[in-house]
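All heavy atoms count here, side chains included; hydrogens, waters and symmetry mates do not. Just so you know, these numbers come straight off a predicted model, no measurement behind them. Here is the naming used below: chain letters follow the sequence lines, and residue numbers restart at 1 for every chain.
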Protein chains: 2
Amino acid sequence: MKPKITLKDIARELDVSISTVSKALKNSKEISKDTKDRIKAFAKFYNYRPNNIALSLKNKKTKNIGVVIPDIVHHFFTTVFRGIEKYANQMGYNVIVCISDESFDKEVINMEMLANGSIDGFILSLSAETQRRNDFTHLKELLDQGIPIVLFDRVTNEIECDKVILNDAEIAYEAVNHFVNTGCSKIALITTENYFNVSESRRNGYTEALRSNDIEIDQNLILTLPHEIDNTGLMTKFFQENKIDAVLCVNEIFAIQCMSVVQYLGFNVPNDISIIGFTDGILSRYSSPKLSTIAQHGEKMGELAAKLLINRMESVEVIEEPFKTEIIDATLIKRGSSIN
Amino acid sequence: MKPKITLKDIARELDVSISTVSKALKNSKEISKDTKDRIKAFAKFYNYRPNNIALSLKNKKTKNIGVVIPDIVHHFFTTVFRGIEKYANQMGYNVIVCISDESFDKEVINMEMLANGSIDGFILSLSAETQRRNDFTHLKELLDQGIPIVLFDRVTNEIECDKVILNDAEIAYEAVNHFVNTGCSKIALITTENYFNVSESRRNGYTEALRSNDIEIDQNLILTLPHEIDNTGLMTKFFQENKIDAVLCVNEIFAIQCMSVVQYLGFNVPNDISIIGFTDGILSRYSSPKLSTIAQHGEKMGELAAKLLINRMESVEVIEEPFKTEIIDATLIKRGSSIN
DNA sequence: TATTAACACGAAACCGTTTTCGTAACATTT
DNA sequence: AAATGTTACGAAAACGGTTTCGTGTTAATA
């Protein structure tokens, strides 16, 4: 066992001062070539690497980013995370992940934990509970302390910071329009409760599209479900009680469950009922028929979020740049579950 | 904007020494109740929190765990990660994630980066390339430096450290046995190349089971495919050229693709062909028929890995405990894709 | 009253870096 | 020969904590 070597060790061994070693390794011209060579050779031999913690303390920069997401066993969040990690890594940053598990308290505790020096900035998607409570004091305090935050996907207007979001309303509009253009008129929406900004936007896009196509909005055709648990029963009832020829689902699970229910009830997808779901995940690609989906480009979103954050952290803080909200254009991927 | 307050600030403001403040906040009885109260009140008011970095430097403990996994958009790894994060969090640790992307170089670089003080220990699943090259010098060096490592799932015998693995051979044996018991005899295996320890174990379990049931091992019934890309063509050919009544697939993607191919060829699942796949992920639960799978209990695996690591890190290093290899018992979940 | 103990606090070292500043030794210029 | 400049290095402060040890003041004991 050979523990890590420090500047002090090198200095002692080579009978020079710590400062000399430090300078020599940074190729300072204050140090003679001879001494530099000796020190570098020694350092190389013993595989010297500066201690990150000491550097962090000195520089007041950790080169760590805190990522707080509601869930990790979740296609969209993992793709975003991959984008973040990729870009951060390229830029020399490491990523500390905390899972809020949709809980307000966990979100708060984790962020406060990390904020005490462990990270230089946050990338965050709000937990369900936080959105429901509409309480963002923890974020405000962190921003107040000068810690930059980038929100993605599940964002809020209450907080002024950089954000990356999807054009949810527009793409929902586009999807519904696609239904209309392929002959559908009894268009349903399966969604979650409205405290999610994304659900709200998607619902707005849905109603807007109906309106602009002069289709009356029937509240019975909007099914609001609890978050991503098995809702087969409710869905079955929904399709038995209503005449429906197209469904937009705000997530992949809903879409796949919906397809399964509809097929079980004897309908043909897409001829009797068209389905489009949000999130172009693995489920959509391996179902039959394959699900038409809305690709959210999570990886791109993650990269962008990381870029925004790192830019802000590394910008010379003289001119405070105004906060940006970047919008990612979702893509409607037409596959077998809709008429094309 | 109010930046973080430090001990020094409190000391200056209250006209005491830094040591006094530190002691007061730790409730040392060296300090009089009066002074303690004053200091605590002040600290509370200004929301003082000790700086993690300073603590890390002092204590030579970061309370960070490095997790290095080949991929994150992957059901099994995310479940393991969730287990790690959950346990680590409970124990006051944070988790830094690096994605090796199945690349040897990334694995090495990331680990060396983190090893310079950023973390106290690693939890790692080997990248494909690392397993192929069979080069573990980076791990050996880290262990040599006294940094504990826990390997999970994709492990190697070349390295002495704590490990958590699945009883892959046994559960493959059990699955094949299940096929035999339900009347199958032309049992195929769809697997990946053998440099993965897990593929090897699963293949061994498969052949063992056949042998013990006096079924001849037909190499034509073992299909070796590249890693998780679309192999529909090869699979179709495989099923056209061979008489097969059951298939064991070493991952979920293979299983779902396999089912799709088989159904496309006009076979009924499970009556003509039974299918069992590894990984009880989201695909298996939403296919039709639902896939019979082998649940790997990723979350449990992650928790256990974290527990092993933290135990080792926190154990008084007097008696070096011997390295353990914990084995997680997989569960065969019988669903619609096999005869039960 | 002199000695000792208890109390309450501060000084300083330490963790591992970086960086500013000071300076001894030598070289160059007037 | 005196003044100045250069070279090559070391001392020390700083980052923000913890902890050991020393010490002045008061209280208790002999």
Inset, instruction - Measure distances between side-chain N and O atoms of K58(A) and base N and O atoms of dT18(C), and say whether any donor-acceptor pair falls under 3.5 Å. - result: yes
Inset, instruction - Give a yes or no on whether N134(A) atom CG has more than 12 heavy-atom contacts from other residues, nucleotides or ligands under 6.0 Å away. - result: yes
Inset, instruction - Flag the pair I328(A) / V164(A) as yes when at least one side-chain heavy-atom distance between them is below 4.5 Å, and no otherwise. - result: yes
Inset, instruction - Could you check whether S56(A) gets within reach of a base, just the sugar-phosphate, or nothing at all, counting any heavy atom under 4.0 Å? - result: nothing
Legend entry - Length of the line joining R49(A):CZ and dT17(C):C1', which is rounded to integer Å: 16 Å
Inset, instruction - Run through E102(B), H138(B), E107(B), K106(B) and flag the one making a side-chain hydrogen bond (donor to acceptor under 3.5 Å, both in side chains) with T130(B). - result: E107(B)
Legend entry - Closest-nucleotide 5' rank along DNA chain C - winner of D15(B) and N59(A): D15(B)
Inset, instruction - Starting at atom CD1 of I18(B), determine the distance to atom P of dC9(C), rounded to an integer number of angstrom. - result: 16 Å
Inset, instruction - Could you tell me the separation between the CD1 atom of I5(B) and the C1' atom of dC15(D), rounded to a whole number of Å? - result: 17 Å
Inset, instruction - Look at the side-chain N and O atoms of Y48(A) and state whether any lies under 4.0 Å from the OP1 or OP2 oxygen of dG16(C). - result: no
Legend entry - Distance-only donor-acceptor test, K23(A) side-chain atoms vs dG10(D) base atoms, 3.5 Å: yes
Inset, instruction - Round to the nearest Å and state the distance from I39(A) atom CD1 to dA8(D) atom P. - result: 13 Å
Inset, instruction - Starting from P on dC15(D), measure out to CG on L57(B) and report it in whole angstrom. - result: 14 Å
Legend entry - CA sep, side-chain torsions, deciding dist, call: Y46(A), F42(A), ring pair (Phe, Tyr, Trp, His ring centres under 6.0 Å): CA-CA 6 Å; Y46(A) 285 101; F42(A) 191 92; 4.7 Å; yes
Inset, instruction - Name the nucleic acid region contacted by S19(A), choosing base, sugar-phosphate or nothing; use a 4.0 angstrom heavy-atom cut-off, strictly under. - result: base
Inset, instruction - To the nearest Å, give me how far apart CD1 (I10(B)) and P (dG16(D)) are. - result: 13 Å
Inset, instruction - Compare side-chain N and O positions of T20(A) against OP1 and OP2 of dA8(D) and report whether any pair is under 4.0 Å apart. - result: no
Inset, instruction - Determine the contact category for L55(B): base if any of its heavy atoms lies under 4.0 Å from a base atom, sugar-phosphate if only primed atoms, P, OP1 or OP2 are that close, otherwise nothing. - result: sugar-phosphate
Legend entry - Salt bridge present between E129(B) and R133(B) (N-O < 4.0 angstrom): yes
Legend entry - N/O (side chain, K4(A)) to phosphate O (OP1/OP2, dG16(C)) under 4.0 Å: no
Inset, instruction - Using only heavy-atom distances, determine whether the side chains of S103(A) and S100(A) contain a donor-acceptor pair under 3.5 Å. - result: no
Legend entry - Under 4.0 angstrom between K60(B) side-chain N/O and dC14(C) OP1 or OP2: no
Inset, instruction - Under 4.0 Å between any heavy atoms, over every strand shown, what does S32(B) touch: base, sugar-phosphate, or nothing? Just pick one. - result: sugar-phosphate
Legend entry - Closest listed nucleotide, where the reference is the side chain of E30(B) and the choices are dC21(D), dT17(C), dT18(D): dC21(D)
Legend entry - Rounded distance in Å - NZ (K29(A)) to P (dT6(D)): 12 Å
Legend entry - Rounded distance (Å) that lies between atom P of dT18(C) and atom CG of N51(A): 10 Å
Legend entry - Sugar-phosphate, base or nothing in reach of T6(A), heavy atoms under 4.0 Å: sugar-phosphate
